[in-house]
Protein chains: 2
Amino acid sequence: MRRMASPPQTARSERTREALRRAAMVRFLAQGVEETSAEQIAADAGVSLRTFYRHFGSKHDLLFADYDAGLQWFRRALASRPPGESLVDSVQAAIFAFPYDVEAVTQIASLRSEELDPSRIVRHMREVQSDFAHAVRDHLQRRTSDAAEKTLPITVTARCVAAAVFAGMEVWMQSEERTLADLAELCRTALTSIEDGLPIH
Amino acid sequence: MRRMASPPQTARSERTREALRRAAMVRFLAQGVEETSAEQIAADAGVSLRTFYRHFGSKHDLLFADYDAGLQWFRRALASRPPGESLVDSVQAAIFAFPYDVEAVTQIASLRSEELDPSRIVRHMREVQSDFAHAVRDHLQRRTSDAAEKTLPITVTARCVAAAVFAGMEVWMQSEERTLADLAELCRTALTSIEDGLPIH
DNA sequence: CGAAGTTTTGTCAATAGTGACAGAACGGTG
DNA sequence: CACCGTTCTGTCACTATTGACAAAACTTCG
């Protein structure tokens, strides 16, 4: 189902994707996400159901398109952070390198929290988090000289960072006012808590 | 899809579950997991497809039945650890409180690593990990006096512990010799790496 | 035993998601 | 423009899941 976000090969396919995105948003806003079938979206966009699934692995992928895009930025931003910087700072900076469309983000965030099938969203969120962790791990491996021997610690570290960021994000998604500043603040708090050492003793 | 592992209500349903479990294992071992359809399993067990799905949320749930059972043990074992013990020690001890059927575990583990649709398994694994993290978080909240104010740090800590354990488990699943001792060793290593502080500076 | 209530199943009908294969469109060449 | 190789789509067929509703099996009580 997942990881098949076909890169915009040609102009034609990009047009199709856009049509699907639009059609989906209209339906989602008008009648709700769970009440919209993939078939309706495809029909509205004037393509076959199969084509819909070629562009978006699932109906819910449409809601996470911005996360996926953000992830690409994140990877690149992370790679271009100065070598000496602490991991937490790098991550913090890289997360907000993406030019978020606050309107869109909060609109979708509101959609998500409504009558959306929670398990679907949560599942998808975990998937995004996993990708995020991979990005962090790649970054760590790049920065570590003896990376080969430290596979496990590096993986663990990456996943902990991801866990922190997404824990912050979840709190944010459930909060009243969803501003980017709040999100940054929450992520920083979460990351700081692992930087200062976890209360595990 | 998930969290609906209907508790064995009556003897009859338990018999059905058992029949399904058996039928599934036979097929899985004989022809592979992805090559076995839910319909075949149901037919072999002499019930309708719908009934299959009433007992197991999905085909892959059958492979994770022992994880689910283990999780119950884990929760209880965690709750009964002495108050003064460090989190890492408690978790470590609680994980292995479950009377694992080594045969079954390694048999299933071998099934998993074969031609199994990786994305399915990985997804399911993340789900189990999430449940595990919840268990750890509940435990931490129970042990922390001012838990209410530390929701985020507690959540982050719990997820980091879960991330560590499951990172170790993944390494184990991909290793040659899969003994419980190896698993314990890997989990300890992973947990220790967060206990000693993550290399994030 | 037989009626009433509860639990489990089966049947029906949809939606979600995919693999395989053939036809349509598109871009570049001679 | 006709031809060829690549990319994108549509169609078909099938498995995975789930909600709704009715029939069957099991229990309990009189």
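Residue numbers start from 1 in every chain, and the chains themselves are labelled A, B, ... in the order their sequence lines are given, proteins ahead of strands.
- With D:dT7, D:dG10, C:dT9 as the candidates, the nucleotide lying closest to the side chain of A:T10 is D:dT7.
- Under a 4.0 Å N-O distance rule, the pair A:D138/A:R75 qualifies as a salt bridge.
- Distance from the side chain of A:S13 is smallest to D:dC8 among C:dG10, D:dC8, D:dT17.
- The side chain of A:K59 contributes an N or O atom lying less than 4.0 Å from OP1 or OP2 of C:dA16.
- Residue A:H55 has no polar side-chain atom (N or O) positioned under 4.0 Å from OP1 or OP2 of D:dC8.
- Residue A:R123 contributes atom CZ, which lies 12 Å from atom C1' of C:dG17 at whole-angstrom precision.
- The side chain of A:H60 places no N or O atom within less than 4.0 Å of a non-bridging phosphate oxygen (OP1 or OP2) of C:dA16.
- Set against D:dG10, C:dA16, D:dT9, the side chain of A:A38 has C:dA16 as its closest nucleotide.
- In the set C:dT15, D:dT15, D:dG10, the nucleotide with an atom closest to the side chain of A:S37 is C:dT15.
- B:F56 is listed as a side-chain neighbour of B:R17, based on a closest heavy-atom distance under 4.5 Å.
- Note on ring orientation: taking the six-membered ring where Trp is involved, the planes of A:F132 and A:F166 are perpendicular (angle over 60°, cut-offs 30° and 60°).
- In this structure, A:Y53 reaches the C:dG17 phosphate: one of its side-chain N or O atoms is under 4.0 Å from OP1 or OP2.
- Comparing A:R12 and B:L49, the nucleotide of DNA chain D nearest to each residue sits closer to the 5' end for A:R12.
- The side chain of B:T16 approaches C:dT9 more closely than any other nucleotide in the set D:dT17, C:dT9, C:dA16.
- When heavy atoms are screened at a 4.0 angstrom cut-off, B:S48 is found touching base atoms of the nucleic acid.
- At a threshold of 4.0 Å, the pair A:E18-A:R21 counts as salt-bridged, since one of the basic side-chain nitrogens sits closer than that to a carboxylate oxygen.
- Minimum atom distance to the side chain of B:R50 is reached by C:dT11, of the listed C:dT11, C:dA16, D:dT9.
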